[in-house]
Amino acid sequence: MANSPITPAIPTPHTWPLRWRRLVSVAIGLHLLAVVCGPLSLPPSLLGLALRDVFRPYLEAAWLDHAYKFFAPDPGPSHLVRYDVELADGNHVLGQFPDRTTQQPRLRYHRHFMLSEWIAAFPPSPDDERPLTWEELPLSPQQSAYVRSYALHLLALHSGRKVTLYLVEHDLPAPQAVEQGLRLDDPSLYRERKLGEFTPEDA
Amino acid sequence: MTLLVAYLRELQAAARSGWTRFWFAPADPATLGLVRICTGAMLLYTHLVWSLDLTAFFGPDSWISAEAARAALGGEGGTWDWSPLWWFNSPLALWTFHSAALLIFLAFTLGLASRLTSILAWVFAISYVQRVPGALFGLDQINVMLAMYVMLGNSGSAFSLDRWLASRRHGAPRTPAPPSVSANLAIRLIQVHMCVIYFFAGLSKLQGLTWWSGEAIWGAVANLEYQSLDMTWLAGYPLLVAVLTQVTVYWELTFCVLVWPRLIRPIVLALAIPLHLGIAFGLGMITFGLVMLIGCAAFLEPELVRALLTRPTAQGRGVEPPPPPKHARRGGSNSATAGSARPRT
C-alpha cells in the first residue's frame, strides 16, 4: 500500500485554457465598466454619460442601468396619491396609494408606494424666470404619462366616469418637534397638489 | 530607467497572476449553491407577491400602461429593454406565463435542472421588471443581478436536487462537487458588483447635507410611509443618530476595500447584518434588507457554508469536504490580489 500511487480525493482542478481566459477577461472588463456607468452618470457627468452611451444597449437589455443611490443624497419627504373616482350613479370612491391597510404583505404596499414616488421623482423643468412653487411645477412628459395611466387604471377598476388625482407630499418633522409631541401624521406635515381630472374618453 | 522597467515588469507579472488567481482559480461551489437557494427563494417570494396584483400591474388596464412604460424607458429615442410581457396581457396568457415563472423559480431554488432553470430564472426575472418601471426598487435590482451571476456558474453542484438525484442514480456516496472555475467566476462577479453598489451608495450620500451633519438616519426613521417599527425615540438621542448615520456612510464607502482582507472580512460582514436588518424591520423593506444580505453571503468561505449546511451522517457521507487546493481557496493570498481586480474607483 505504501508504494501505491496516491489518488487525489477530488480531481485535480484546472483552470481554463489561456485563450479562453483572455476572452473571458475582456468580457469581465467590459461588463464591469458597464456596471459602473449607471452610478457614474447620475447626476450627469461627462465621462459617465459618454460611457453610458456606448454601453446603453447592454445596460438596458440586461437591466443593469442603476445608480445605486439608496436614500441619497438625503432622505426626503414621501409621496402619496389621493384619488376621487366619480361613479356612474354619482357616488364617489375615495382612496389613496400606497395604503398599508389594504395592501399586504409589505412588498405589495411597497410596489404601490413606488408608483406614487415615481411621479414625484422627475426633475422640474426650469422654464420660467420666476422660481416655481411646488404646486406650480409642471409635470414632465413621463410624469404625465404615468398620471394618466394611473387614472385610467382607477377608472377601469371602479367603472368610474371621472377621476381626480392629487399628489400628496408628506414632509419629515424635525426631531425636536417630535420630542415636543408632534406626531408623524400631523396635518401640518402634508401638502397637496392636483394632478388632473380624467374620464374614460382620455384613453 | 532600469529600475522603472523592472518595476513595470514586476507590476505586469503580479497583475496578471493576481487577475488569473482572482477570476480563474477553481472554487468549491458551496457558496454559490447557498446564494442560489437564497436568490431563488427571494425570486419565488417576490413573484408570488406579484400574483396578488398580476392583472393590475401587467394586464390590459394596468397601473402602468405600455405607453407610460415606454415613455419612462426610452421616450422617443427607443429602448433596448425587452420583455415578453409587452406582447400579451390577456389574463389567461398572463397566468400561464406567471405559473411557468413560479415553477422555474421553485426548481431554481431547489437546484433542479439547474443549468436550464438558472438561465430561465434570469429571463423570467428580467421579463417582469422591464414591464413595470415605476413599481420597482432596490430589491428588484439585486434580484436580477444575483440571478444573472448565479446563471453563469455551476450553482447546481452544491445543495441541489441535481446532486441528490445524481448520487441516487449512480448509487455513489454523496461527495462534494470538485472545485470549478465557473463557481469562482460567478461568486467573484457578485462580490465585485456588491462592492460597486456599496461604494456608489456611500459616495452618493456624500452629496447630501444630512449624511454629513449626522441627521440622515432620523430622516429615514421619521418617514411614516417607510416606518414599520417606531424608532422615533431616537429624537432624544441626536448623538446616537449621528453615529448611526456616519457609520453607515463610512461602512458603505470602505466596504470595497475592507471586505477583502481575510481577518477584517468577518467584521465588515457582521456590520452588514444590523444595517440591513434595520432596513428590513425598521423601514419595512424586509425583502430589500434580506436580498442585500444574500449578496453579502457571496463573501462567505465555502468551508464555512458547508459546515453550516451539511448534516453529518453516521456513514460520514457528504459530511466534510476534502479541502480544496490552496490556490482555489478564497482569502489569504487571493484576497491580497483583489486590489488589482477591483474596479477603479
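In the text below, chain A, chain B and the rest are named by the order of the sequence lines, each starting its count at 1.
For B:Leu185, the part lying near chain A is the side chain, with the backbone staying farther off; criterion is any non-hydrogen pair under 4.5 Å. Residue A:His79 does not touch chain B at all, counting heavy-atom pairs closer than 4.5 Å. A:Tyr150 touches chain B through backbone and side chain together, each having a heavy atom under 4.5 Å away. When heavy atoms are compared at a cutoff of 4.5 Å, B:Leu139 approaches chain A solely by way of its side chain, counted from C-beta outward. Contacts of B:Leu48 with chain A are absent, with no heavy-atom separation under 4.5 Å from either backbone or side chain. Contacts between B:Thr46 and chain A at a heavy-atom distance below 4.5 Å involve backbone atoms as well as side-chain atoms. Of the atoms belonging to B:Ser62, it is backbone heavy atoms, and not side-chain ones, that fall under 4.5 Å from chain A. Using a 4.5 Å cut-off between heavy atoms, A:Gln104 touches chain B through its backbone atoms (N, CA, C, O) alone. Heavy atoms closer than 4.5 Å to chain A are found in both the backbone and the side chain of B:Trp63. Both the backbone and the side chain of B:Leu136 come within contact range of chain A, with heavy atoms under 4.5 Å apart. Heavy atoms of B:Gln227 lying under 4.5 Å from chain A belong to its backbone as well as its side chain. Using a 4.5 Å cut-off between heavy atoms, B:Asp230 makes no contact with chain A at all. Proximity to chain B is limited to the side chain of A:Leu154, based on heavy atoms less than 4.5 angstrom apart. Both the backbone and the side chain of B:Pro133 come within contact range of chain A, judged by heavy atoms closer than 4.5 Å. Heavy atoms of B:Trp218 lying under 4.5 Å from chain A belong exclusively to its side chain. Residue contact with chain B, scored on non-hydrogen atoms closer than 4.5 Å, is absent for A:Leu157. Proximity to chain A is limited to the side chain of B:Gln130, based on heavy atoms less than 4.5 angstrom apart. For B:Ile126, the part lying under 4.5 angstrom from a heavy atom of chain A is the side chain only.
Judged purely by atom type and a 3.5 angstrom limit, B:Trp211 uses its side chain to pair as donor or acceptor with the backbone of A:Pro73.
B:Phe200 is listed as a side-chain neighbour of A:Leu40, based on a closest heavy-atom distance under 4.5 Å. Within the 4.5 Å cutoff, the side chain of A:His66 has no heavy atoms near those of the B:Met145 side chain.
Per-residue heavy-atom pair counts under 4.5 Å with chain B were compared for A:Gly76, A:Ser78, A:Pro173, and the maximum is reached by A:Ser78. Options A:Ser149, A:Pro105, A:Ala72 differ in how many heavy-atom pairs under 4.5 Å they form with chain B, and the most are formed by A:Ser149. Among B:Tyr198, B:Tyr45, B:Trp50, B:Trp122, the residue making the largest number of heavy-atom pairs under 4.5 Å with chain A is B:Trp50.
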*Take B:Ile286 and A:Leu107, measure what side chain to side chain contact (heavy atoms under 4.5 Å, CB included) needs, and give me the verdict at the end.*
CA-CA 8 Å; B:Ile286 299 168; A:Leu107 177 55; over 6 Å; no

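Using a 4.5 Å cut-off between non-hydrogen atoms, the part of residues 160-172 of chain A that approaches chain B consists of A:His170, A:Leu172.
The distance from atom CD1 of A:Ile28 to atom CZ of B:Arg188, rounded to the nearest 0.5 Å, is 11.0 Å. The OG1 atom of B:Thr232 sits 10.0 Å away from the CD atom of A:Glu179 when rounded to the nearest 0.5 Å. Here CZ of A:Phe71 is found 11.0 Å from OG1 of B:Thr248. Values are rounded to the nearest 0.5 Å. With rounding to the nearest 0.5 angstrom, the CG atom of B:Asp81 is 9.5 Å from the CH2 atom of A:Trp63.
Note: B:His193 and A:Tyr68 have perpendicular aromatic rings, judged against thresholds of 30 and 60 degrees for the angle between ring planes. Ring orientation note: the planes of A:His110 and B:Tyr226 are tilted relative to one another, at an angle of 30° to 60°.
In this structure, B:Phe288 has its ring center under 6.0 Å from that of A:Phe70. Residues B:Phe57 and A:His153 place their aromatic rings such that the two centres sit no closer than 6.0 Å.
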